[in-house]
Amino acid sequence: MEASNVFVRWRPVPPTQPNTPEINKVHSELQNSRVSISISLPSPGDSSWKSGHVFNQVFEPTDGNRAVFDAVVAPILPKVLNGDSCSFFAYGHSGSGKSHTILGYDFEDPDNFGLCLAAARYLCEELKGFNTGIVREGHSHSSMSELGIGLRMYELRGNAAFDLLNNHCKCNIRQGYDGQTHIRGETEVLDGGRVRVRPIVTKACWSFEDFRQELLRGLQLRASGVSTVHEESSRTHAVLELEIVNRALLDAREAVVERQSELVPVAKRATDVYIEEQMKGLVRTGDGKFVPNPEYQIDHRRIDEAEEKKAEFEKYVSDAEEHVHCVFRSSGQTCLGGKLVFVDLAGAEYYHGSSLSTHGSRSLPSPQEQKEGRQINTDLLALKEVIRARASKQSRIPYRSSPLTMVLRGHFEATGSRDSYSAVILTASPAADQYAATANTLKYGNLVGTSKNR
Ligand SMILES: Nc1ncnc2c1ncn2[C@@H]1O[C@H](COP(=O)(O)OP(=O)(O)OP(=O)(O)O)[C@@H](O)[C@H]1O
């Protein structure tokens with residue numbers, strides 16, 4: 001059976017707190033390619049805890065972002081170039097290094113890039129090679145076939161997503177008829193009654209520089225969207241999706257959105273005509289009952305015409321959807337549609353009554369914060385269950401338990417012959433005053449890494 005992938009990254013003690021006492025942490029030898037961790041407080045007799053043999057690898061405080069990328073993400077990128085979907089989650093308490101790991105704070109020095117930027121750099125180099133091949137083989141529409149990275153960035157708060165590449169626009173999370181989850185952005189009412197519901201924005205990046213600029217723009221929006229960044233950023237899940245795309249695929253998807261917008265007024269008219277005819281075909285009697293109107297013959301031809309028009313427009317939508325599949329089939333590039341997802345998870349809420357756990361001086365959470373905290377806990381438990389259910393190959397995967405797992409379903413579920421991979425990176429602080437939070441993080445990772453049937 002496949003085990004869940006869980007890595008641990010110890011951050012260094014902040015240079016501003018050089019004399020902070022540290023947690024005792026011991027890592028075992030490899031057992032079934034996994035290590036266990038024991039932690040205890042520096043003063044003897046105080047709390048201690050030991051995990052199972054569940055962690056793939058442990059990174060020391062001296063290991064930089066490059067070491068984490070080389071060991072955790074780089075070996076998986078060939079899968080993305082094979083069209084697979086790979087997800088990486090960073091989980092840890094506030095200040096433990098989630099953003100440092102996923103996004104990074106240095107956007108110039110490749111050794112310090114966060115995992116997302118380092119992965120984009122690698123993919124852009126590889127795609128350059130593919131694109132040279134496309135031009136050399138003389139594809140008639142090489143500008144439509146040129147491969148790049150489509151970037152989507154959003155934050156999840158409660159039941160909604162907020163688009164970081166589209167002005168922090170609030171988006172709804174809905175399950176479609178196809179069972180897939182869709183994140184729907186702005187609803188635009190256009191001329192002729194057309195209603196366009198755009199999906200979350202995908203920014204096409206045709207070079208690494210494009211990607212870096214879009215990422216920075218999205219991050220700025222995240223930072224400026226809140227007043228106390230540190231508190232806020234740990235209360236939302238930030239999701240970054242990188243998909244290998246070409247112009248033909250983006251245009252084909254755009255056409256689906258347009259055809260759907262054209263269907264709206266035609267479908268509405270079919271419903272209106274039907275209701276109108278049914279109403280005309282009834283009269284109200286003196287005692288308030290509705291009975292067939294002997295003076296009106298329902299115009300079935302009118303209803304049928306409206307239905308036929310609706311069927312015609314539904315066909316345009318299904319043709320447009322089919323064209324998307326056709327772009328994949330005819331591209332000849334297995335990497336097209338390959339996805340890489342990075343999630344900076346919100347830290348679990350673990351306030352209990354008056355116990356403030358690691359936040360020390362922080363005041364008790366407001367009712368709104370408590371509500372958000374409960375949602376975050378639900379999301380994190382649901383994510384753990386999904387990862388475990390997938391690792392133990394259960395027939396029913398509980399995706400619908402939370403908005404987070406609904407949103408990530410498409411990335412977990414492989415389509416056709418495609419495959420998926422996921423890993424959790426636990427970020428932890430060795431500072432003794434963070435012991436409760438660190439133990440909480442490692443316990444979560446221990447649960448994720450312990451498959452039920454193992
Ligand atoms: N492994 C590390 N090496 C060096 N510095 C680190 C490391 N991890 C974190 N830091 C530094 O600690 C500070 C806080 O880290 P970071 O912002 O990544 O925390 P976080 O877990 O994302 O917090 P929050 O959930 O509150 O957003 C940053 O200045 C970051 O550069």
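Counting starts at 1 for both ligands and their atoms, following the listed order.
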Is it the case that ligand 1 has an N or O less than 3.5 angstrom from some N or O of [X]?
| X | answer |
| --- | --- |
| Arg11 | yes |
| Tyr105 | yes |
| Thr427 | no |
| Asp63 | no |
| Gly95 | yes |
| Ser96 | yes |

With sequence neighbours excluded, what pairs up with Thr441 under the side-chain contact (heavy atoms from CB on, under 4.5 Å) test?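 Partners of Thr441 by the side-chain contact (heavy atoms from CB on, under 4.5 Å) criterion, ordered by chain and then number, come out as Tyr91, His93, Leu426.
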According to side-chain contact (heavy atoms from CB on, under 4.5 Å), who are the partners of Ala67, at least two apart in sequence or on a separate chain?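 With neighbours one apart ignored, the set is Asp63.
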I want to confirm something. Looking only at heavy atoms, which of Pro12, Ser429, Ala238, Pro61 is nearest to atom 2 (C) of ligand 1? Pro12
Taking [X] for its side chain and [Y] for its backbone only, find out whether a donor-acceptor pair lies under 3.5 Å.
| X | Y | result |
| --- | --- | --- |
| Asn82 | Cys335 | no |
| Asn446 | Gly52 | yes |
| Asp106 | Glu108 | yes |
| Thr438 | Ser429 | yes |

Per-atom contacts of ligand 1 with [X], taking only distances under 4.0 Å to non-hydrogen atoms:
| X | result |
| --- | --- |
| His93 | 21 (O) |
| Lys98 | 18 (O), 19 (O), 20 (P), 21 (O), 22 (O), 23 (O), 24 (P), 25 (O) |
| Arg9 | 1 (N) |

Counting only heavy atoms from other residues, nucleotides and ligands, does the tally under 6.0 Å from CG of Asn32 exceed 12?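 No - once you tally the heavy atoms of other residues, nucleotides and ligands closer than 6.0 Å, there are 12 at most.
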